[in-house]
Amino acid sequence: MKILHCADIHLDSPMETHMTREQAATRNIEILKSFQRMTEYAASEKIELVLIAGDFFDGERVTRRTVDGIFDAVTSTPKIDYLYLSGNHDNWTNAFVDHDIPTNFKCFTDKWNTFIYGDVAVSGIEMTKANAEILYEQLPEQKSRINIVMLHGQTSTSSGIDQVNLNLLKDKNIQYLALGHIHTYSCNQLDRDGIYCYPGCLEGRGFDECGKKGFVLLDTDVREIEPTFVPFSSRVLHHIEVDITSLLNNIEIYNAMKKETQDISKDHMVEFILTGSRDIASDLSIKYLYRLADTDFFFVKIKDNTKCIIDPKEYENDISLKGEFIRLVMASDSSEEDKIQIIRTGLEALSGEEITV
Ligand SMILES: [Mn+2]
């Protein structure tokens, strides 16, 4: 039997990562479309079971359109069963109010439940404050050839809400522990024959979710279950560091940013991190660079992590207003950090630039 395991789709997310409302709305539709595309992929790959291991929705507020979109995809793939477990962000009883849940879409509750497919059994439970400590004692007997357990939380050696106590799941005849909560794919050994796996999120939403995102595939007919990660997201988020130490002006910096990202698709999202050191009087405008780079990708962010350096000697004999200003600040009893900040702002004001404090 072929199984697809996904988690952390976070539909209807506010996406407050400085995206415009428009971009956030576009991204939310894209995440829904990725889910729909995933169901089509599952059907074409003859997958019989899709596991959704929590945080399907980002929060309590779920739009009717989103649920309509999900259930349309589910009913369009009637040969697939969908097993869904709420995570710490979502609650299906809220989300599906006023909707008829399709028969091939099954929700776990706060009590253990097991669904059997031939020689494969999938047990799952929604973690709540009340059951987080005791759910391990109540784990149903794992008596099928292949036993899968679904939970949502951070792997741990202790029990508690949002924690999955691996010690209490060892030697229970679990072949595959299907987890959700961590947004990056990872797979490790649970005990001698069992493994646990986080598929990661389906689409990255912020720059803390860079890199390839998707789901995993399992085949229970092979001797040893081994998940295969399938990158599937419609956009990828990238962190790009650009050392600007030897660069003289904004155009040179922008060219370096372009060079570092020449292999990245225009549809992706890029956060530039400017590093290195620069002279306090050099012209660096994040706003100006942002205007230059903004249309190069779907979404662009620029972070200034450069270190400002001041060489007071350079201004010793400078008779300009700038020289006078720098000498004045350097002679004050402000902290070094404050001096840099004051000089930076002052120089922007003197040069007629927008002040970026
Ligand atoms: Mn979670």
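This one's a predicted model, so the numbers in the text were calculated from it and none came from an experiment. All ligand and atom numbering here is 1-based and tracks the order in the structure. Position 1 is the first residue of the sequence, and the numbers go up from there. Side chains are part of it too, since the values below use all heavy atoms of this structure and drop only hydrogens, waters and symmetry mates.
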Note, I148 side chain near I3 side chain (heavy atom, < 4.5 Å) = yes
key: Of all pairs that satisfy salt bridge (charged side-chain N to carboxylate O under 4.0 Å, His left out), the ones with a partner from residues 241-250, not counting sequence neighbours   = none
inquiry  = So, at under 2.8 Å, which protein N, O or S atoms would a careful student list around the Mn ion (ligand 1)?
reply    = D55 OD2, N88 OD1, H152 NE2, H181 ND1
task = Using the side chain to side chain donor-acceptor pair (under 3.5 Å) rule, pick out the option among K213, R27, K33, H10 that qualifies with E203.
result = R27
task = With sequence neighbours left out, write down each residue that passes ring pair (Phe, Tyr, Trp, His ring centres under 6.0 Å) with F105, or none if nothing qualifies.
result = F71, Y84, F96
key: Contacts of R235 that satisfy salt bridge (Lys or Arg N to Asp or Glu O under 4.0 Å) - sequence neighbours left out   = E30
inquiry  = Are the side chains of I273 and F207 in contact, using a 4.5 Å heavy-atom criterion?
reply    = no
